[in-house]
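For reference, the structure discussed in these notes is given below.
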Amino acid sequence: MTRTQLTTLDEVQLLDTTLRDGEQMPAVSLTPAEKVDVARELDAAGMHLIEAGSACTSEGEREAIRRVADEGLDATVTSFARGVKRDVDHALDCGVDGINLVVPASDKHVETKVDSTRDDVVETTVELVEYAKDHGLWVEVLGEDGSRADLDYLERLLGAGLDAGADRICYCDTVGAADPERTAAVVSRLADRGPTSLHTHDDLGFGVANVHAGLKAGADMVHGTVMGVGERAGNVALEEVAIALDRSYDVDTVELERLYRLCRTVSDATGVALPPNKAVCGANAFAHESGIHTDGTLKDGTMYEPYPPESVGRERRLVLGKHAGRAGVKAALAEHDVAVDDNELSEVVSRVKELGDRGKRVTDADLLAITEDVQGRERDRHVELVDLSATSGGNLPTASVRLRVGDDERVASGTGSGPVDAGLEAVRAALAGEAAGEGVSFELDSYHVDAITGGTDAVVTVEVDLSRGDRSVSVSATDADITRASVVGMVDGLDRLLSAAAEGGSSPDAASLADD
């Protein structure tokens, strides 16, 4: 593709505010340990600045910021600070490198929110910048609601901050109300005054577009969050900014191959699921089901992808369903070293389509089970449940399992909120024992139970979704005992995942089997 020059910069710096603005998303609250984990991953990805939180919030928040600041990260660690001196003092107490000083810019905020005047806000801003600089802090001045502010006043306010010694200023589209044309007009004025950052939200879906407009107008730094987490429609997603700048404009930001791992870390910490259709990190970003698309992708990985999945730490996957074709099914089986003749392949494809027509997800477990049935054979298992016992009486439900793992037998127990939870913990313990070396990590993504008969002796079907990295599997098990059905389903799913891992080793250009 012919690339249009966006900026004269070879690198655009990124400021991540997942730990501050992202945490303002409803129902998201991070512990100090979770903040440290996310901050470490951000730093490992090469994030330039990390806004660790709002030191003015509480002592608990200050403790979290202190722990991030004490990590010795390469990134510059900052704290959000309002236009009051005690916020700067709280930031200093946390040992951060700098502050993001947020002052009201629009008349709505100046007059209604803080009951002040334009002149008073400018005077206070100058005093606080000088105070922070005198105490050795890096300072960025952000004009809150700057996209709706009077442009002459915004330039005066932020210019006064620069004159007082601020390191940079920031254009803030606080409520996601601006379009790219407005962004370019405002930023071009501000960038003439000094180093200018962009802070955009996605309420109109213009988050990334406004970033590009601002960079073209002269900005050189972007604020955002991982996955776009944040209040309302969220902030601009930094992983989208990073890949778009790299692929479209040859502009460097962070280590792209760590983007997916970073998104998973933030998803785990915040409890915000990765949307399947999300750029970079979504489950479907590199998944192909259509027979035409699959065939083209197998011939040339760039046929239906704008960039290779490996560049962001992902794998290409073939999704099997009613749109699957012979080439896709054959390639998926080849990933598991399963060979079929033409007649067997036709029968497998027919059964796959039949499952897809019923609205069922066709997972690797389904595919391999179908193929085994068509070929009339049994597969070798890596993990098998030998025995299970569980008790739920008293205050602490417990379970113990005996698993056959390869040629070994392992026994372990676990406790949980109920016998099913205890069974899962027992399985985790058995697979993480000394004989397992580094153990087996996996995630239980979903758990669903259906009663298929009535009465107190009802037979139930349990469906579980498990994942390891980019690979996942959906497996069901049926039993009159819900705990046994649950554990059997989990063990069977793990067996499929471990079998796939043992068979692994796909090349960067090869398609790997989609499991969901």
Side-chain angles (χ1 to χ4, degrees), residues 1-17 21 47-49 51 100-106 109 125 139-163 166-225 228 230 233-254:
M1 294 178 61
T2 301
R3 299 187 178 185
T4 303
Q5 187 176 28
L6 178 73
T7 172
T8 59
L9 300 171
D10 294 325
E11 180 186 59
V12 168
Q13 292 200 331
L14 301 184
L15 181 150
D16 181 85
T17 182
D21 215 351
M47 198 64 59
H48 304 91
L49 296 96
E51 190 176 33
N100 305 99
L101 181 64
V102 181
V103 294
S106 69
H109 281 245
T125 300
V139 178
E140 178 183 51
V141 180
L142 298 80
E144 186 173 14
D145 203 23
S147 60
R148 298 192 296 183
D150 174 78
L151 186 48
D152 290 335
Y153 172 65
L154 180 65
E155 186 178 2
R156 175 192 165 201
L157 170 64
L158 298 183
L162 287 170
D163 293 340
D167 296 271
R168 60 173 44 248
I169 54 178
C170 183
Y171 162 79
C172 293
D173 185 21
T174 304
V175 295
D179 53 46
E181 292 74 21
R182 171 65 176 174
T183 299
V186 176
V187 173
S188 62
R189 287 269 295 270
L190 297 180
D192 286 341
R193 296 300 303 268
T196 302
S197 307
L198 300 162
H199 183 106
T200 68
H201 283 255
D202 208 35
D203 297 77
L204 297 179
F206 278 140
V208 174
N210 283 340
V211 164
H212 287 200
L215 291 173
K216 192 170 185 178
D220 60 358
M221 180 184 286
V222 177
H223 292 205
T225 62
N235 297 51
V236 70
L238 286 182
E239 70 276 5
E240 295 179 9
V241 172
I243 191 64
L245 290 180
D246 175 79
R247 301 302 299 181
S248 297
Y249 305 107
D250 279 327
V251 175
D252 292 333
T253 52
V254 294

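All residue numbers in this chain count up from 1 along the given sequence. All of these numbers come straight from a predicted model, not from anything done at the bench.
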*asked:* Can you give me the closest heavy-atom contact between T253 and A242, atom names plus distance?
replied: OG1-CB, 3.3 Å
_Name of the residue among V187, L215, D173 meeting side chain to side chain contact (heavy atoms under 4.5 Å, CB included) with N210_ = D173
_Exercise: identify the closest heavy-atom pair between V222 and V211_ = CG2-CG1, 3.7 Å
*Output yes when a side-chain donor or acceptor of H223 lies under 3.5 Å from a complementary backbone atom of L15, and no otherwise.*
no
*When rounded to the nearest 0.5 angstrom, what distance separates CG in D250 from OG1 in T7?*
12.5 Å
*Please report the shortest heavy-atom distance between R168 and P195, naming the atom on each side.*
CB-O, 3.3 Å
*Check whether the ring centres of H201 and F206 lie less than 6.0 Å apart, and answer yes or no.*
no
_Is a donor from one side chain sitting under 3.5 angstrom from an acceptor on the other, for S197 and E140?_
yes
*Does a donor on one side chain sit under 3.5 Å from an acceptor on the other, for D145 and S106?*
yes
*Give a yes or no on whether the backbone of V251 and the side-chain of D246 come within a donor-acceptor separation of less than 3.5 Å.*
no
*In Å and rounded to the nearest 0.5 Å, what is the OG1 to CZ distance from T196 to R189?*
12.5 Å
_Less than 4.5 Å apart, side chain to side chain, heavy atoms only: is that true for D10 and D252?_
no
*Check R182 against G146 and note the closest heavy-atom contact, atom names and distance.*
NH2-O, 4.4 Å
*Rounded to the nearest 0.5 Å, what's the gap from CG on D179 to CG on L204? Could you check?*
8.0 Å
*Can you check whether V139's main-chain N or O pairs, donor with acceptor, with D167's side chain at less than 3.5 Å?*
yes
*To the nearest 0.5 Å, what is the distance between OG1 (T8) and NZ (K216)?*
13.0 Å
*Is there a salt bridge (Lys or Arg N to Asp or Glu O under 4.0 Å) between R156 and D150 once you walk through the steps?*
CA-CA 10 Å; R156 175 192 165 201; D150 174 78; over 6 Å; no
*For the student: nearest non-hydrogen atoms of A178 and S147, plus distance*: CB-CB, 3.8 Å
*Measuring from T225:OG1 to L14:CG, what's the distance to the nearest 0.5 Å?*
11.5 Å
*If every non-hydrogen atom of H199 is compared with every non-hydrogen atom of T17, which pair is closest and at what distance?*
CE1-CG2, 4.4 Å
*Sidechain-backbone polar pair: S188 side chain, A185 backbone, donor-acceptor under 3.5 Å*: yes
*Should R148 and V175 count as side-chain neighbours, where that means a heavy-atom distance under 4.5 Å?*
yes
*Just wondering, are more than 12 heavy atoms of other shown residues or ligands nearer than 6.0 Å to CG in D152?*
yes
_Steps toward side-chain contact (heavy atoms from CB on, under 4.5 Å) verdict (L6, H212)_ = CA-CA 7 Å; L6 178 73; H212 287 200; 4.3 Å; yes
